[in-house]
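The block underneath contains the structure these notes are about, expressed in structure tokens.
Letters A, B, ... mirror the listed sequences (proteins, then strands); counts begin at 1. Only heavy atoms go into these numbers, but all of them, side chains included; no hydrogens, no water, no symmetry mates.
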Amino acid sequence: MKWMLGFLLIVAVSFAGEAESQVLARPHDLWDIIYKIWLIISVVIYAVVAIPSLYFMVKYRFKPGEREIGDQEHEGHWGLEALWTIVPLIIVLYLATHGFALFTQMRKPPENAMELKVTAFAWGWMFQYPNGKMVIAQAIKDTDDKKCKPEECYGIDGVFQNYVYIPAGVPIKAVLTSQDVIHSFYVQPAGVTQDMVPGRTTYAWFQINKPGEYWVFCREYCGQWHSRMFAKLKVVPKEEFDKWLKGEVADTGHEGADFKTANIENNKAQEVVR
Amino acid sequence: MREAIPAHKPWFSASLWEWIFTTDHKKIGIMYGVTSTVFFIVAGLMALGMRLELFNPGAQYIKPETYNWFLTVHGAVILLWWAIGVWASFANFLIPLMIGARDVAFPRLNALGYWMFFAASVIALLTFIPGNHIMTMWTGYPPLASTEGIGFAGTTALFVFIWHLTGFASIAGAVNFLTTVISMRQPGIGFFNMNLFLHGIMAANVIQLLGVPSVAGAVTMLFLDTYLGTNFFNPDKGGDPVLYQNLFWFYSHPAVYVMVLPAFGVISEVVSAFARKPIFGYKSMAVAIWAIALVGFMVWTHHMFVSGIPDWVKILMSYTTLLIAVPTGIKIFNWVATLYKAAIQYRTPMLYALGAILMFLIGGLTGIPLGIPAFDIAVHDSYFVVGHFHYVLGMAVTLSAFAGFFYWWPKVTGKMYPEGLGKLSFWVILVGSNLLYFIQLIIGIWGMPRRYYDYPPIDSWITMHQLQTYGAFILAFGVLLAIIALIKGAISGEKAPDNPWMSNSLEWRLPSPPPPHNFDEPPKVEEDYCPHGYCKF
Ligand code: HEM
Ligand SMILES: [Cu+2]
Ligand SMILES: [Cu+2]
């Protein structure tokens with residue numbers, strides 16, 4: 001099976017597009033290629049089916065006295081049927097193969113990627129940087145006597161929710177696992193999703209070129225507060241990131257909201273990542 | 001002159017006692033239909049509740065655990081009771097009539113199957129008791145579903161029993177339907193001149209026979225893990241949570257064809273009847289159905305593209321997944337070709353069937369990218385997926401089921417439904433559904449994750465969620481109109497002729513409603529019998 005796929009890969013690579021470097025994020029730029037191809041093909045196919053259908057629906061209406069029964073002899077045509085077997089077959093084989101080529105690129109982290117260990121727990125993530133620095137992003141939960149307003153629930157309070165700093169233009173290899181149930185790691189601007197499975201290590205890689213604030217969401221249902229399991233990425237230029245990593249800047253705008261105070265004692269996420 | 005025999009009470013005016021102990025396929029079919037529709041409404045109401053909560057970001061009316069419970073019931077009930085269950089209703093009622101038999105092959109097994117389904121319904125209702133809610137989602141992935149205390153998954157046992165009981169009913173039904181079609185056809189009705197609906201039902205039930213054991217095993221292990229401390233899926237003790245996903249989707253992907261193949265069958269029946277023309281490419285239609293059923297068993301890991309399985313498996317199943325688009329395309333093109341040189345009558349069932357075709361095309365076209373890992377990686381478990389399966393299930397399957405209701409209503413009840421109200425219901429449903437489901441596709445491309453009770457206050461997201469909620473209420477109003485039309489027809493409709501649509505198919509040669517034993521003597525079928533022809537009599 002694998003050699004067959006290998007052969008297809010060689011075919012595939014020959015028409016895989018090369019992405020420009022000045023793009024918002026990767027693999028989103030690769031995804032964009034297949035997205036646009038799919039969109040165009042779909043619109044064309046929809047038109048090819050819907051326009052004749054609507055035309056026939058209008059033209060071949062039942063008309064008393066004039067057209068009361070359809071053409072009883074018109075029961076099939078092997079040429080036409082072969083046509084709409086073979087053309088779709090070619091289209092889907094092309095789509096699958098082009099997708100294959102792109103996917104190979106999406107899954108292969110560059111050599112110089114920075115490794116970020118991420119451990120999920122119900123409900124939040126712990127991020128661990130190469131030098132051991134840790135950041136926790138934990139869901140803000142409503143309690144019986146207190147509900148947060150939408151801006152608060154999805155804001156950065158600096159105690160449980162901290163900015164996850166990421167250097168711009170540097171490929172990141174996120175090494176993922178979970179310490180309880182299955183969660184998922186979705187970096188919105190990069191368009192990459194990967195489940196975080198207890199007992200397994202999975203990975204995803206991405207690179208965001210434009211500094212700014214971005215969302216990370218959990219995309220695998222993980223219970224009560226699944227919908228508030230998010231993190232905020234703060235993508236900053238490399239120099240600024242290095243300073244932050246060394247602890248020369250406070251990690252959030254909030255006073256005294258150092259990640260070390262982030263409730264680490266009773267957070268089980270600690271136990272898993274060594 | 002069957003009306004002249006007064007001893008024939010219409011078969012549906014029976015006492016409660018007769019209903020409970022009946023083994024008549026028509027009565028059992030009706031019972032399936034009523035149960036399915038009631039649960040369809042329940043699941044729809046819960047969806048409206050979810051849509052209300054999502055109207056604005058932040059906590060509105062319900063708690064997250066309530067949302068999760070609504071969503072679990074909405075998903076499980078609408079799939080098992082409606083998208084699968086409703087076809088058991090059609091199959092029961094129609095198979096013997098279409099092949100000229102007096103009943104199904106195993107009438108008592110059939111009744112047992114229905115009562116298992118009923119027992120599952122009781123369990124589903126038990127989950128409404130506070131403290132018994134299930135919050136596992138219809139997929140019930142461990143370790144969430146198998147671990148108490150983390151994540152609030154609710155009473156997993158009820159989730160497991162629902163699968164066991166509906167699974168039992170499915171297998172009983174499958175054995176019965178397959179045997180009936182294979183061995184009880186009248187001479188003259190062969191595999192290549194029987195109703196396409198029968199092909200759809202048979203293929204669906206072969207899938208049930210082969211697939212249900214797999215999911216039954218998965219949920220049984222889930223039960224053992226949860227309550228008896230086994231560790232099939234417990235990673236701390238060497239188990240593997242991804243194993244569950246494999247076993248689950250090995251059935252639950254083919255299960256989507258259990259839902260959609262009978263729908264294809266209904267569309268073929270309705271389109272050929274109202275186009276007054278044989279279906280175009282009968283043989284390729286039948287072969288396509290079986291091809292879909294076969295290849296459908298080789299694609300399950302497309303639900304697991306981000307679960308941490310090896311990349312080469314993803315690519316392999318990406319090819320098989322996209323291959324399914326080919327037979328599916330054949331069906332759509334053949335339906336369109338059937339309209340060529342037709343004499344189309346726009347009655348309510350035809351509107352529903354044509355709507356189902358054009359909406360299914362959107363469902364299919366949005367399914368293709370989900371089978372391409374390079375695309376899926378960005379939209380997996382997003383609202384794009386939600387939009388995709390609502391186009392397939394919420395539109396194609398549901399519109400076909402309504403097409404079938406309106407189409408066979410004269411045969412089942414002996415009364416005509418009100419045409420104007422029926423047509424109106426179609427247009428309202430079409431507008432509401434597209435508003436709701438198309439926006440799900442858009443917001444999914446933007447990144448909105450699936451199964452979210454709350455979402456961040458991003459302006460464009462809020463607008464899109466509000467539009468969806470309006471769409472949901474328009475859709476619900478349309479469904480209400482359709483149900484009113486059907487009930488009104490059954491109560492006070494005009495008397496239906498035996499064959500109001502001039503179909504050539506065998507069930508229309510019986511009186512409406514059919515007498516208790518269907519055919520007094522085995523019906524003679526002409527040599528060139530073709531159920532999709534225009535009636536020459
Ligand atoms: C009144 C009409 C309907 C509305 C308003 C509606 C709305 C919804 C909503 C809001 C969700 C949850 C999305 C999320 O949070 O992830 C959902 C999920 C779902 N719906 Fe519907 N829906 C409707 C009809 C249907 C129909 C007719 C079907 C199938 C025949 C269907 C099948 C499903 C399934 C399978 C799920 C996934 C459940 C899960 O994620 O576990 N829905 N629907
Ligand atoms: Cu989650
Ligand atoms: Cu699937």
So, taking the atom named [atom1] in [X] and the one named [atom2] in [Y], what distance separates them when rounded to the nearest 0.5 Å?
| X | Y | atom1 | atom2 | answer |
| --- | --- | --- | --- | --- |
| Thr104(A) | Asp311(B) | OG1 | CG | 8.0 Å |
| Ser227(A) | Arg451(B) | OG | CZ | 13.0 Å |
| Glu75(A) | Thr338(B) | CD | OG1 | 10.5 Å |
| His98(A) | Ile372(B) | NE2 | CD1 | 10.0 Å |
| Leu89(A) | Leu322(B) | CG | CG | 10.5 Å |
| Gln72(A) | Cys530(B) | CD | SG | 8.5 Å |

Which portion of [X] sits near chain A, non-hydrogen atoms under 4.5 angstrom:
| X | answer |
| --- | --- |
| Gln245(B) | side chain |
| Ile332(B) | side chain |
| Trp335(B) | neither |
| Ile377(B) | both |
| Pro142(B) | backbone |

Sub-4.5 Å side-chain heavy-atom contact between [X] and [Y]:
| X | Y | answer |
| --- | --- | --- |
| Met304(B) | Asp195(A) | no |
| Leu144(B) | Ile182(A) | no |
| Lys341(B) | Lys59(A) | no |
| Glu81(A) | Ile330(B) | no |
| Trp225(A) | Pro64(B) | yes |

[X], part contacting chain B, at a heavy-atom distance under 4.5 Å:
| X | answer |
| --- | --- |
| Met196(A) | neither |
| Phe103(A) | both |
| Tyr46(A) | both |
| Tyr203(A) | side chain |
| Arg200(A) | side chain |
| Glu66(A) | neither |
| Ile41(A) | neither |

task: Might you work through the side-chain contact (heavy atoms from CB on, under 4.5 Å) test for Thr193(A) and Asp381(B), ending with a clear yes or no?
output: CA-CA 9 Å; Thr193(A) 314; Asp381(B) 270 324; 5.9 Å; no
Who among [options] has the most heavy-atom pairs with chain B under 4.5 Å?
| options | value |
| --- | --- |
| Val187(A), Val197(A), Thr85(A), Thr202(A) | Thr85(A) |
| Trp215(A), Phe230(A), Phe185(A), Trp78(A) | Trp215(A) |
| Glu73(A), Lys63(A), Lys147(A) | Lys147(A) |
| Met106(A), Gln188(A), Arg67(A), His226(A) | His226(A) |
| Asp32(A), Val181(A), Val87(A), Val48(A) | Val181(A) |
| Gln194(A), Arg61(A), His74(A) | His74(A) |

message: Quiz question: by atom type and distance under 3.5 Å, do the side chains of Tyr319(B) and Thr97(A) form a donor-acceptor pair?
response: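 Looking only at side-chain atoms, Thr97(A) and Tyr319(B) do form a donor-acceptor pair, the distance falling under 3.5 Å.
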- prompt: Are any of the side-chain nitrogens in Lys63(B) or Asp142(A) under 4.0 Å away from the carboxylate oxygens of its partner?
  reply: no
- request: Flag the pair Arg228(A) and Asp454(B) as a salt bridge only when some basic side-chain nitrogen lies within less than 4.0 angstrom of an acidic carboxylate oxygen.
  value: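 Salt bridge flag = yes for Asp454(B) with Arg228(A).
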For residues [X] and [Y], report the shortest heavy-atom separation together with the two atoms involved.
| X | Y | answer |
| --- | --- | --- |
| Gly99(A) | Ala374(B) | O-CB, 3.5 Å |
| Glu65(B) | Gln224(A) | OE1-NE2, 2.9 Å |
| His77(A) | Phe280(B) | N-CZ, 3.5 Å |
| Ser53(A) | Val336(B) | OG-CG2, 3.4 Å |
| Trp84(A) | Ala337(B) | CH2-CB, 3.9 Å |
| Pro235(B) | Pro198(A) | CB-O, 3.5 Å |

task: With side-chain contact (heavy atoms from CB on, under 4.5 Å) as the test, would you mind laying out the steps for Ile69(A) and Lys277(B) before giving the verdict?
output: CA-CA 7 Å; Ile69(A) 65 165; Lys277(B) 196 169 159 266; over 6 Å; no
Among [options], which residue has the highest count of heavy-atom pairs closer than 4.5 Å to chain A?
| options | result |
| --- | --- |
| Leu323(B), Ile279(B), Val242(B) | Val242(B) |
| Phe274(B), Phe305(B), Tyr282(B), Tyr346(B) | Tyr346(B) |
| Asn56(B), Ile344(B), Ile362(B) | Ile344(B) |
| Gly281(B), Gly154(B), Pro241(B) | Gly281(B) |
| Tyr455(B), Phe152(B), Phe333(B) | Phe333(B) |
| Leu354(B), Asp236(B), Thr147(B) | Leu354(B) |

Expected output: side-chain Tyr221(A) to main-chain Asn68(B) donor-acceptor under 3.5 Å: no
field: Greater than 12 external heavy atoms within 6.0 Å of Phe55(B)'s CZ
entry: yes
- request: Could you tell me whether Glu68(A) atom CD has more than 12 heavy atoms of other residues or ligands within 6.0 Å of it?
  value: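 Enclosed: over 12 neighbouring heavy atoms sit under 6.0 Å from CD of Glu68(A).
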- request: Using the six-membered ring wherever Trp is involved, compare the ring planes of Tyr35(A) and Phe375(B) and label them parallel, tilted or perpendicular (cut-offs 30° and 60°).
  value: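 Answer is tilted, since the angle falls between 30° and 60°.
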message: Parallel, tilted or perpendicular, judged at 30° and 60°: which one describes the rings of Tyr452(B) and Phe217(A)?
response: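 Rings of Tyr452(B) and Phe217(A): perpendicular, over 60°.
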task: Decide ring pair (Phe, Tyr, Trp, His ring centres under 6.0 Å) for Tyr60(A) and Tyr340(B); before the verdict, give the C-alpha distance in whole Å, the side-chain angles of both, and the deciding distance to 0.1 Å.
output: CA-CA 7 Å; Tyr60(A) 298 111; Tyr340(B) 176 70; 5.6 Å; yes
task: Evaluate side-chain contact (heavy atoms from CB on, under 4.5 Å) for Leu365(B) paired with Ile45(A), printing each intermediate quantity in order.
output: CA-CA 9 Å; Leu365(B) 290 173; Ile45(A) 294 181; 4.1 Å; yes
